[in-house]
Number of protein chains: 2
Amino acid sequence: MKPTSTQARLLDAAESLFSERGFKGISIREITEKAEANLAAVNYHFGSKAGLMKALIERQIGPLNQLRIAELDAAEAAAGDQPLAIDNLLRIFFTAPIRHFHKPGQKLPNLLARLHQDPSPEVVEVVVSVFQPIADRFLTALHRSAPHLSEAQLITRAMFMKGAMVHAMSDGLVLASAMTEGRVSMDDPEELIEELVQFCTEGFRLHTPNSGPQAE
Amino acid sequence: MKPTSTQARLLDAAESLFSERGFKGISIREITEKAEANLAAVNYHFGSKAGLMKALIERQIGPLNQLRIAELDAAEAAAGDQPLAIDNLLRIFFTAPIRHFHKPGQKLPNLLARLHQDPSPEVVEVVVSVFQPIADRFLTALHRSAPHLSEAQLITRAMFMKGAMVHAMSDGLVLASAMTEGRVSMDDPEELIEELVQFCTEGFRLHTPNSGPQAE
DNA sequence: GTCTATACAGTGATAGAC
DNA sequence: GTCTATCACTGTATAGAC
């Protein structure tokens, strides 16, 4: 099985292996063996193991983020001067990645979830470069859609939202699957999207005092 | 600096090093060097690198979970037959760990967040053994407090909740800090607890149809 | 029991031949 | 573009000192 280029075979092999066992859990010897390439091929084509990971992440996430930004642009154009309703905004944010990744056997979200928490500078650099633009774009829109929140509240709740999404998508959900012993929590992506949209929308709508103990 | 036992020095050194750079990111040699112990000390006292991590996690999390379960027991006893209000239940769940960990320089939550996503069997075993009991306990209570939700909805939203909490606690929040460039989202733990309680309470209260597209 | 030195197979990376 | 040889490093195991 060597119908494709060495680069493509390396990317495919690395994607499935990293997704299964994590970045640090896979050796480039395993990758090159599965891809039927030489040990040095990774460094030749991608510069390093981290470079290979960055390439495969961008291959998957790049188009997805382009799609999300295009949909947000369209929705904002249609709304004119009006800010988007929070649930519409969140639906745009969640739909593309969940539809794309929420399939049986798709393990890349697990890898992404782990990368979001990885402190090594090489990994941080990749994650920031891939997700920074889309995060900025949605935070700005969210700020317009939820003007009742202080900046600290907005960022905090955006963290809650990101945590909920990342967690829900990484099917491994190691604890969850161990906890629930195989009872899948939700297998229809459309249902998961809607649950997540509703859950977070309510959270963003809430208007709470933003500091200190004070009576209502 | 060798006032304490070798075991204690190893635990302290490993905790700070793992928290900074992750489980796989730190070598036994670095740990034993910082602890002024011999390379083989880790394997002698803890059996393996994973055994050392398990010991330090249990040292920190064990008492915290005991406290949470005691508080839940007390609240349920006080409520008699009545299920607890969702916000009270969540407040008990969040308060102890956030008060304990939400301090400047405290990086253990970052490690815990990463461990929750780590696929290696050795790590999964530790995480499950430490968090399974408390997860079961709270899921049961949550089921009583939110009887309007199907089991799939309950588990799904519990995942959202866990994701939000874990994400909010791991201050690194690599993306967040990069995204917001140092603007701390929320430094008062009590404020963070209350934001998280309110955010998730609204999410659990929601009553949505639990399958298929159907008009309201 | 506790600790030490050392050996072993595995890792990512690289220089240089082809 | 590919390959081999080699480097410094990793976690682990064990023999033996105290």
Side-chain angles (χ1 to χ4, degrees), chain A residues 1-57 111 114-115 118-127, chain B residues 1-57 111 114-115 118-127:
Chain A
M1 78 96 147
K2 288 173 91 173
T4 52
S5 72
T6 300
Q7 280 150 3
R9 293 200 317 278
L10 286 173
L11 285 170
D12 291 340
E15 184 174 313
S16 83
L17 291 172
F18 283 157
S19 297
E20 289 279 354
R21 289 170 32 208
F23 178 64
K24 294 248 178 71
I26 291 293
S27 69
I28 57 178
R29 282 167 178 82
E30 292 175 270
I31 296 169
T32 51
E33 192 175 335
K34 177 163 184 172
E36 300 184 48
N38 182 268
L39 169 61
V42 166
N43 269 269
Y44 176 74
H45 286 288
F46 301 99
S48 69
K49 190 187 177 189
L52 170 59
M53 185 198 60
K54 177 169 183 171
L56 75 87
I57 298 289
L111 175 61
R114 256 168 283 133
L115 295 182
D118 198 309
S120 17
E122 53 194 20
V123 173
V124 171
E125 190 269 329
V126 173
V127 173
Chain B
M1 81 93 147
K2 286 172 93 174
T4 52
S5 71
T6 300
Q7 280 152 7
R9 293 200 317 279
L10 287 172
L11 286 170
D12 292 340
E15 183 174 314
S16 82
L17 291 172
F18 283 157
S19 298
E20 289 279 353
R21 286 165 40 202
F23 179 64
K24 293 248 179 68
I26 292 292
S27 70
I28 291 186
R29 282 164 179 84
E30 292 177 271
I31 296 169
T32 52
E33 193 174 333
K34 176 163 184 172
E36 299 183 49
N38 183 269
L39 169 61
V42 166
N43 269 267
Y44 175 74
H45 286 287
F46 301 99
S48 68
K49 189 187 179 188
L52 170 58
M53 186 198 60
K54 178 170 183 171
L56 76 87
I57 298 289
L111 175 61
R114 258 168 282 136
L115 295 182
D118 198 309
S120 23
E122 54 195 20
V123 173
V124 171
E125 190 270 330
V126 173
V127 173

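Letters A, B, ... are given to chains in the order of the sequence lines, protein chains preceding strands, and every chain is numbered from 1.
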Phosphate-side-chain proximity, [X] and [N], N/O vs OP1/OP2 below 4.0 Å:
X	N	answer
B:Tyr44	C:dC3	no
B:Asn38	C:dT2	no
B:His45	C:dG1	no
B:Asn43	D:dG11	no
A:Thr6	D:dG1	no

With the side chain of [X] defined as its heavy atoms from C-beta on, choose the nearest nucleotide among [options].
X	options	answer
A:Lys49	C:dA13, D:dT12, D:dT2	C:dA13
B:Ile28	D:dG11, D:dT10, C:dA13	D:dG11
A:Ala40	D:dT4, D:dT2, D:dG11	D:dT4

Report the distance from atom [atom1] of [X] to atom [atom2] of [N], rounded to the nearest whole Å.
X	N	atom1	atom2	result
B:Leu39	D:dA15	CG	C1'	15 Å
A:Glu33	D:dT2	CD	P	18 Å
A:Lys24	D:dC9	NZ	P	17 Å
A:Glu36	D:dC3	CD	C1'	16 Å
B:Leu10	C:dT4	CG	P	11 Å
B:Phe46	C:dT2	CZ	P	12 Å
A:Leu17	C:dG12	CG	C1'	16 Å
A:Gln7	D:dG1	CD	P	7 Å

Quick one: label A:Ile26 by what it contacts on the DNA or RNA (base, sugar-phosphate, nothing), any heavy atom closer than 4.0 Å.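 Sugar-phosphate contact only - A:Ile26 comes under 4.0 Å of backbone atoms but never of a base.
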Look at the side chain of [X] and the backbone N and O of [Y], then say whether any donor-acceptor pair between them is shorter than 3.5 Å.
X	Y	result
B:Lys34	B:Asp12	no
B:Glu20	B:Leu17	no
B:Ser120	B:Val123	no

Is it true that the NZ or CZ of A:Lys49 lies under 6.0 Å from the centre of A:Phe23's six-membered ring and within 45 degrees of the ring axis?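 Satisfied, under 6.0 Å and within 45°.
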So do B:Thr32 and B:Asn38 actually touch side chain to side chain, heavy atoms under 4.5 Å?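 No, too far: nothing below the 4.5 Å cut-off.
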Does A:Arg29 contact C:dG10 through a side-chain donor or acceptor facing the base, at a distance under 3.5 Å?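 Side chain to base: no pair below 3.5 Å.
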